[in-house]
Structures are given as structure tokens and as C-alpha cells.
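Notes follow once the structure below has been shown.
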Amino acid sequence: MKVLKFGGTSVGSAQRMREVADLVTGSDRKIVVLSAMSGTTNSLVEIANYLYKKNYDGANEVINRLERGYLDTVAQLFKKEEFKHKGLELVKSHFDYVKSFTKDVFTVFEEKSVLAQGELLTTALFNFFLQENGHNSVLLPALDFMRTNKNNEPDTVYIRENLERIMSEFEDTHLFITQGYICRNAFGEVDNLQRGGSDYTASLIGAALEVEEIQIWTDIDGMHNNDPRFVENTTSIAEISFDEAAELAYFGAKILHPTSVLPAKLANVPVKVLNTMDPKAVGTTISSSQHKDRITAVAAKDGITAIKIKSGRMLLAFGFLRKVFEIFESYKTPIDMITTSEVGVSVTIDNNRHLEEILDDLRKFSTVEVDYDQVIVCVVGDLVAENKGYANRIFEALKEIPIRMISYGGSEHNISLLVDAKDKKDALQALSAKLF
Ligand code: ADP
Ligand code: ASP
Ligand code: MG
């Protein structure tokens, strides 16, 4: 069995859905994970923001615009009256539900339900389309098996048991369709796996069922060696290790959700990244095999805040780092990068929700300086110490760029550098010019 995930652009129109149907209707058994049609989740976020502010005109305008888009898709997708009718009813029921929040209280619970509508609608429409064309597909409701625990981590035992239970009712079925991104939390409430989370869904399902392969179908021919949104002439990486792909995803390669590689790695299920617009292109295979002696790729993570913490007393005396880390832990704020010196320690975070409280606590025993709007540039490859000269090439490439922090040695696959957001593009371009 294989898991095939299609992102928003890949199912972004009636025509695209037809192309996806051609790709999934072969005879081998598969689970197809779909994101919402492109733009949908952004619109739902916009609607939720209006609803929070009780701006019902604003909300209705976006709701109506989005609904018209889905009605157009229904008109273009189906041929038979019966399915046109089913499609219209489906769209109407989902949008009636969203509209009901213009007359009701709106809290984070309702927001999660609104955000779930895109994947629910897109998968149901796609499944109708398969049925109209005579395919014997079954819709698996993600809300019946995808679940997180009290720490907001996937509840892997629950996911496996429930997925197997539901699928065992359809032993003769070869084609299952399910929603990416959406889940229930430990309290059974509708929730999601964060933006871009459909990749994570695919990886969690693939790992739970120990499938032969997970395929991530998107709008580009695989993982590229630099961010194609900022650098020209990037090229697709044919083979990459789980560890390298995980570093790239975590440090900003938008093509994969930050945590989506780990479940596949733990279950040792290879992941292929493939292009819906060019299905024959080789794409990228992510597996346990590690290419030796090369720099593989560069990525950048935005929205970073750097905090420089200097101790008043003899520095880095034992217990100092523990005190620092405990503060971040108590506010559930992960640290991305860390560097130390005799006089202090610098750390970076990507979540400023509790920044003020963290700074107040740190100031009780140290002086702090904060730099906002920073970017982590991450160079990934076979960077073991014995592979001499790579650090030199990286710094040579960045000789014109002010570098605020450097982290090397945390893993054998990563050198991270902190630069100001305004220097990001130049840094990425300079690295590509020098390294590839
Ligand atoms: P999907 O909707 O299929 O999940 P995404 O938009 O989330 O697609 O991810 C694909 C996009 O990721 C590409 O169009 C590309 O602009 C961007 N991207 C960023 N970094 C990389 C990279 N290293 N390799 C390939 N694509 C990348
Ligand atoms: N539809 C969701 C989003 O836009 C999930 C995904 O695309 O992976 O974030
Ligand atoms: Mg994505």
C-alpha cells in the first residue's frame, strides 16, 4: 500500500482534480490525502479573523466569494445531473455551517471547525467525482482516526488502531480518500496539525500503516537545493536522507511541513516528492541513505527573534544555562539556535507569544538584548568535521553579509547562521552561487 498526498495547488481546480484522479486510479491499494483547494485555508483564516472582530459584513463577503469558487468547481467538475446536485448540496451545507457563526459566539473552538471545512469539502467533492466516474473509492473521515495527545503530539497508537479498525471494514476497497491537516485533540475537539499540515497527515498515516512509500505530490519537481521563491536556477535533489530533509523542512523549506519527515523516518518509509504538473519527473526520494561528502541544500526560516543573555556574575557558572532553559520551558517556547561565550549565551525563538514574560524573568539575573526580524539560514549536507573546507566555502560566500550567530556541530548535517531579514535574499543567492 502507498500513501499519496496532493497539496492545494494540485487540487486547485476541476481540471487539476481530474488530473489527480488519473494519477490515483491504478489498481494498487492506496490512501489519498488531500489538502483544501488552494487559497481556501487562507480565506477561512480571513473569515475567522472577521468573526473574532464581529465584522459580519467582512466575513460574509469572503464566505460568499469562497462559496462562488466552489460552486464554479462543481459546475465544471461533474457531468451527471445527479452528481451536480450532490455537489451543490454539499457546498451549500458546508457554507451554511460557516455562515451560522455570523450569528453565534466565536471562540478558538469555532475557529478550528471553520478551518476544517476546506479539507472536508475538497475530499468530499473529489470522492463524488471518483464515484461519478465509476471508481469504488471510500472516504475515510480523518476526524475519526487522526488525533493529538495532551502535549499536542500525534497520538500514534490511537491513529494506528483506529485507522486499521476503519479500514478493516473495507477489505475489498483499493482506493481511500482522506483529509489532510485536520484532527481531533486530546479532548475530542476538532483541531488541526498547523498550516501546511497535510504533509504531516500523510507521513503519520504512512508510518502508522508501515506502507511501502509516501508520495507528496506538489507544484514543483521535488525538493530543490535552495528556496525557488528567492533564488533563480535552483535544481531538484534526486536523493536526500531523512535527516537532511528534516533539517530543511524545519528550517524553512516550505515544500514540507516542519515535522513531517520524522514519522516516516522512524518507520523507515521512503518519501517521494513529486510534481503533479509533471508526473514523469523523477522528483526527490527521501530515505535513510546518506550521500557522502556534499553540500545538499540551503533553506531559510523567517520570523526569528534573537535574545542575547549576559550574566552579571562569572559567566556560565554551573546552573546558569539551566536557569535560562527553565524559563523558556516554563513558557513552552522552543529554542532553535544557541551559541555561547564566556560572557553570555544567545538563543533564538520563532514564537514571541510569551516574549515579554520570558524577558522579565531573564532580567532577574542577567542583562538582555533582543533583535527582532531575524532569519536562520541553514546549510544542509554531509558536514562531518572530517569533510574539511565546507565551512570555508560557506563563509567565503557570505563575506559581504553581516552574520549575527553561527551554529555548527549540533548535528552532522547542518550549519546555521543568523542574519537580518533584509539580508536573507542576498545570503541565499550568494550561497547558491558559491556552493552549487
Ligand atoms: P502544497 O500546496 O503542495 O503543499 P506548498 O506551497 O506547501 O505546496 O509547497 C511547495 C512550494 O514550496 C513550492 O512551490 C516552492 O515555492 C516552495 N519551496 C520552498 N522551498 C523549497 C525547496 N527547497 N524546494 C522546493 N520547493 C520549495
Ligand atoms: N490546507 C492547509 C493549509 O493551507 C493544510 C495544507 O495545505 O497542508 O495550511
Ligand atoms: Mg504544503
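The chain is numbered in sequence order, starting from 1. First listed ligand is number 1; within each ligand, the first listed atom is number 1.
- For ligand 1, the atoms sitting less than 4.0 Å from at least one non-hydrogen atom of Asp219 are 10 (C), 11 (C), 13 (C), 14 (O), numbered in the order shown with element in parentheses.
- In this model, a donor atom of one side chain and an acceptor atom of the other lie less than 3.5 Å apart for His291 and Glu239.
- For the residues Asp227, Leu248, Val11, the heavy atom positioned nearest atom 19 (C) of ligand 1 is part of Asp227.
- Residue-level proximity to ligand 1 for Asn225 is absent, since no heavy atom of it falls below 4.0 angstrom.
- In His257, neither the side chain nor the backbone holds a heavy atom less than 4.0 Å from any atom of ligand 2.
- Listed by number with element, the atoms of ligand 1 under 4.0 angstrom from any heavy atom of Gly8 are 2 (O).
- The protein heavy atom nearest to atom 3 (C) of ligand 2 is Arg195 NE, 3.3 Å.
- Counting heavy atoms closer than 4.0 Å to ligand 1, residue Met223 contributes backbone atoms (N, CA, C, O) but none from C-beta onward.
- The Ser35 neighbourhood of ligand 2 comprises atoms 6 (C), 7 (O), 8 (O), with distances under 4.0 Å to a heavy atom of that residue.
- At a heavy-atom distance under 4.0 Å, only side-chain atoms of Lys5, from C-beta outward, approach ligand 1.
- At least one cation-pi condition fails for Lys86 and Phe78: the charged atom is not both under 6.0 angstrom from the six-membered ring centre and inside a 45 degree cone around its axis.
- Applying the 4.0 Å criterion to heavy atoms of Glu119 picks out, from ligand 2, the atoms 1 (N), 2 (C), 5 (C).
- When each atom of ligand 2 is checked for a heavy atom of Thr41 under 4.0 Å away, the hits are 1 (N), 2 (C), 3 (C), 4 (O).
- Below 3.5 Å of separation, one finds an N or O of Thr218 facing an N or O of ligand 1.
- Among all non-hydrogen protein atoms, the one lying nearest atom 6 (O) of ligand 1 is Lys254 NZ, 2.8 Å.
- At a heavy-atom cutoff of 4.0 Å, ligand 2 is contacted by both the backbone and the side chain of Ser198.
- A donor-acceptor contact under 3.5 angstrom links the side chains of Thr235 and Asn225, judged on distance only.
- Distance from atom 24 (N) of ligand 1 to its nearest protein heavy atom, with residue and atom name: His224 N, 2.8 Å.
- There is no side-chain donor-acceptor pair under 3.5 Å between Ser113 and Glu110.
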